[in-house]
A.B. asks: 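The structure is given below, and queries will be raised subsequently.
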Amino acid sequence: VQKLGIDSIGFYTARHYMDLSTLAVARDLDPNKYHIGLGQYTMSIPAPNEDVISMGAAAGARALKNIDKKTISTVIFATESGIDQSKAGAIYIHRLLNLPPHCRAIEFKQACYGSTAGLIMALPMLLANPDQKILLIASDTARYGLNTPGESSQGCGAIAMVLSVNPRLVSIDLRTGYYTQDIMDFWRPNYRDEAFVEGKYSSRMYLQGLNETWSHYQAATELGFQDHDRFCYHTPVPKLTEKAHKYLAKHCKVTLNPEKSNAHIFDSLIYGRLIGNTYTASLFVCLVSLLDNCPDDLSGERIGFYSYGSGCVAEFFNGTVSPQYRDHLDTDFNKSMLQTRLPLTYSQYQEFYNFTLPVDGSTVEIPALAKCDYHFTRLSEHKRCYEGEHEPVE
Ligand code: HMG
């Protein structure tokens, strides 16, 4: 049987962050509410010249480093922070990355689940054309109102994955468990920039989705909790992932000591604690965090993945880490990219947050407040312009 999965991964986040200790002072709260209560330390905040396109392109450039671009047949862009109702963000990224013209470009949406939908739907396409590869990009900005309970669970970032046969990083098992239910736990009407959310209800529904997808997954695979060596969960806040993992173990009647629980999830949460929620990218940020930070050799280990998108659709699936995966990681870049982010003062945070664009078609040059390879440069006649580094296609 042909293996299908993730051949390379690129990761990117905004160049500035908000320290939750700084936010705690502004909100007159104990910082432990964020550090201990949510497991969150800092969150990436996009500058006016950064958005889902610029971050997605930057992640894409990393994922394509050692890939022949002519083999990319399709770019799938998953986001819930899209810049246009009609045109796919994938088309902008296709140009910025200088991908060949005979390549499809499409956008997927279902809250944080859109990227998993992209993965599960794209992989079987590779069976028909095993010489081709698919570029899947997940990029989002989590934005809630200032001074609302969701504020401390913001963040932004992007993941790009090249999908192929005989993947060098992780092969994905197409036997999965999935679940849909029409609920209003988190949503963002077309006329709003910030999401509405029922925080406690959404957290309950996240756990219910885990319960439902796990049963369906078990029926499909006959795999038990103990057949998985590590777990990656969609992580709106790290504390919810810790709770979900305990919840799943209990559901499966497995006794988990803290050491075992840490071995399962600790390394997957390291990057998320620093960048915050990244919606569609979040589950795969956990994967990169695990691969980059786990001191053990993960070759041959099975990872369980739980994807949840509000509204809601959820899916549980698994993947097996390839031998020699370490030779194909981008760990040094990822770590230095995180280390070189700049802290925002509270007033700079407000300035970034409140930056708005004209809606009357007038031209604005976007202040280049973040130093990045790809950026949103101007808005003119309702058209967004991007610039970025790219090499010509051969
Ligand atoms: P909150 O108001 O910060 O929660 O909201 P809280 O007041 O219950 O506090 C959280 C924890 O901090 C509690 O512990 C407190 O006891 C503790 P717990 O009861 O949970 O064990 N605490 C402290 N601990 C130590 N020292 C202190 C202290 N003070 C309090 N001094 C919530 C948290 C996540 C609900 C909020 O951030 C929110 O509404 N976020 C947005 C929605 C969200 O993330 N939902 C998660 C599930 S839905 C989802 O994952 C989908 C999503 O990604 C969107 C999509 O699919 O597109 C959101």
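Counting starts at 1 for both ligands and their atoms, in listed order.
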A.B. asks: Which ligand 1 atoms are under 4.0 Å away from a heavy-atom of Glu80?
C.D. replies: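 Those of ligand 1 that fall under 4.0 Å from Glu80 are 55 (C), 57 (O).
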
A.B. asks: Examine the side chains of His245 and Tyr233 and answer whether a donor and an acceptor come within less than 3.5 Å of each other.
C.D. replies: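 A donor-acceptor contact under 3.5 Å links the two side chains.
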
A.B. asks: For atom 38 (C) of ligand 1, which protein heavy atom lies nearest, and how many Å away is it?
C.D. replies: Gly150 CA, 3.8 Å

A.B. asks: For ligand 1, which atoms have a heavy atom of Ser153 less than 4.0 angstrom away?
C.D. replies: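 Going through ligand 1 atom by atom, the ones under 4.0 Å from Ser153 are 37 (O), 40 (N), 41 (C).
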
A.B. asks: What's the spacing between Glu351 CD and Leu344 CG if we round to 0.5 Å?
C.D. replies: 9.0 Å

A.B. asks: Protein heavy-atom contact under 4.0 Å for atom 32 (C) of ligand 1?
C.D. replies: no

A.B. asks: Quick one: look up the protein heavy atom nearest atom 51 (C) of ligand 1 and list residue, atom name and how far away it is.
C.D. replies: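 Answer, as residue, atom name and distance: Ser310 OG, 3.2 Å.
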
A.B. asks: Quiz question: by atom type and distance under 3.5 Å, do the side chains of Ser152 and Arg27 form a donor-acceptor pair?
C.D. replies: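 Short answer, no.
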
A.B. asks: Hey, which atoms in ligand 1 end up nearer than 4.0 Å to a heavy atom of Asp30?
C.D. replies: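 Near Asp30, meaning under 4.0 Å from one of its heavy atoms, ligand 1 has 31 (N).
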
A.B. asks: Does a donor on one side chain and an acceptor on the other come within less than 3.5 Å for Arg384 and Tyr386?
C.D. replies: yes

A.B. asks: Is ligand 1 under 4.0 Å from a heavy atom in the side chain of Asn277, in the backbone, in both, or in neither?
C.D. replies: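 Asn277 to ligand 1: side-chain contact only, backbone stays beyond 4.0 Å.
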
A.B. asks: Give the numbers and elements of all ligand 1 atoms closer than 4.0 Å to a heavy atom of Ala111.
C.D. replies: 55 (C), 56 (O), 57 (O)

A.B. asks: Using a 4.0 Å heavy-atom threshold (strictly under), name the region of Tyr113 that reaches ligand 1: side chain, backbone, both or neither.
C.D. replies: neither

A.B. asks: Could you tell me the residue and atom name of the protein heavy atom closest to atom 37 (O) of ligand 1, and the distance to it rounded to 0.1 Å?
C.D. replies: Pro149 O, 3.2 Å

A.B. asks: With Arg143, which of Glu194, Glu80, Glu151 fulfils salt bridge (Lys or Arg N to Asp or Glu O under 4.0 Å)?
C.D. replies: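 Among the candidates, only Glu194 passes.
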
A.B. asks: What's the separation between atom CG in Leu283 and atom CD1 in Ile159, rounded to the nearest 0.5 Å?
C.D. replies: 9.5 Å

A.B. asks: Ignoring hydrogens and angles, tell me if any N or O in the side chain of His264 forms a donor-acceptor pair with the backbone of Leu256 under 3.5 Å.
C.D. replies: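 Side chain of His264 to backbone of Leu256: no pair is present.
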
A.B. asks: Is the closest N or O pair between His234 and ligand 1 shorter than 3.5 Å?
C.D. replies: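 His234 vs ligand 1: N/O contact under 3.5 Å present.
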
A.B. asks: Under 30°, 30 to 60°, or over 60°: which ring-plane class applies to Tyr41 and His35, parallel, tilted or perpendicular?
C.D. replies: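 Taking His35 first and then Tyr41, their aromatic rings lie parallel (interplane angle under 30°).
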
A.B. asks: Looking just at side-chain N and O atoms, do Gln181 and Tyr179 make a donor-acceptor pair shorter than 3.5 Å?
C.D. replies: yes

A.B. asks: Can you report which non-hydrogen protein atom sits closest to atom 13 (C) of ligand 1, along with the distance?
C.D. replies: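 Here the nearest protein heavy atom works out to Gly37 O, 4.6 Å.
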
A.B. asks: If you take the nearest heavy atom of each of Gly199, Gly39, Ala195, which one is closest to atom 39 (O) of ligand 1?
C.D. replies: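 Heavy atom nearest to atom 39 (O) of ligand 1 belongs to Gly199.
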
A.B. asks: What atoms of ligand 1 come closer than 4.0 angstrom to any heavy atom of Gly309?
C.D. replies: 56 (O)

A.B. asks: Establish whether atom 35 (C) of ligand 1 and some protein heavy atom are separated by less than 4.0 angstrom.
C.D. replies: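 Yes.
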
A.B. asks: If you round to the nearest 0.5 Å, how far is OH of Tyr12 from CG of Asp373?
C.D. replies: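 Going from CG on Asp373 over to OH on Tyr12, the span is 6.0 Å.
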
A.B. asks: Any N/O of Cys112 closer than 3.5 Å to an N/O of ligand 1?
C.D. replies: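 For ligand 1, there is an N or O atom that lies under 3.5 Å from one belonging to Cys112.
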
A.B. asks: Please confirm whether Lys243 comes within less than 3.5 Å of ligand 1 when only nitrogen or oxygen atoms on both sides are compared.
C.D. replies: yes

A.B. asks: Which residue holds the protein heavy atom closest to atom 14 (O) of ligand 1, what is that atom called, and what is the gap in Å?
C.D. replies: Lys239 NZ, 4.0 Å

A.B. asks: Nearest protein heavy-atom contact for atom 4 (O) of ligand 1: which residue, which atom, what distance?
C.D. replies: Lys200 NZ, 3.3 Å

A.B. asks: Compare all side-chain heavy atoms of Phe333 with those of Arg62 and state whether any distance is below 4.5 angstrom.
C.D. replies: yes

A.B. asks: Would you check if there is a donor-acceptor pair between the side chains of Asp140 and Thr280 at a distance under 3.5 Å?
C.D. replies: yes

A.B. asks: At a 4.0 Å threshold, what atoms of ligand 1 neighbour a non-hydrogen atom of Ser203?
C.D. replies: 46 (C), 47 (C)

A.B. asks: List every atom of ligand 1 that sits less than 4.0 Å from any heavy atom of Leu240, numbering the atoms from 1 in the order shown and giving each element.
C.D. replies: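 In order of number, 46 (C), 47 (C).
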
A.B. asks: Determine, considering heavy atoms only, which of Tyr233, Tyr308, Tyr144, Tyr206 sits nearest to atom 58 (C) of ligand 1.
C.D. replies: Tyr144

A.B. asks: Check contact between Glu198 and ligand 1, using heavy atoms of the residue and a distance below 4.0 angstrom.
C.D. replies: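 Contact absent.
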
A.B. asks: Atom 28 (C) of ligand 1: which protein heavy atom is closest, and how many Å away?
C.D. replies: Lys33 CA, 3.5 Å

A.B. asks: Could you tell me whether the side chain of Ile93 reaches within less than 4.5 Å of the side chain of Phe77, counting heavy atoms only?
C.D. replies: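 Result yes, sub-4.5 Å side-chain heavy-atom pair found.
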
A.B. asks: Could you check whether atom NZ of Lys335 has more than 12 heavy atoms from other residues, nucleotides or ligands sitting under 6.0 Å from it?
C.D. replies: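 Counting other residues, nucleotides and ligands, NZ of Lys335 exceeds 12 neighbours.
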
A.B. asks: Specify whether His251 and Tyr247 have parallel, tilted or perpendicular ring planes, treating 30° as the upper limit for parallel and 60° as the lower limit for perpendicular.
C.D. replies: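 Because their plane-to-plane angle is under 30°, the rings of His251 and Tyr247 count as parallel.
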
A.B. asks: Can you tell me which residue and heavy atom of the protein come closest to atom 44 (O) of ligand 1, and the distance to 0.1 Å?
C.D. replies: Pro236 CB, 3.3 Å

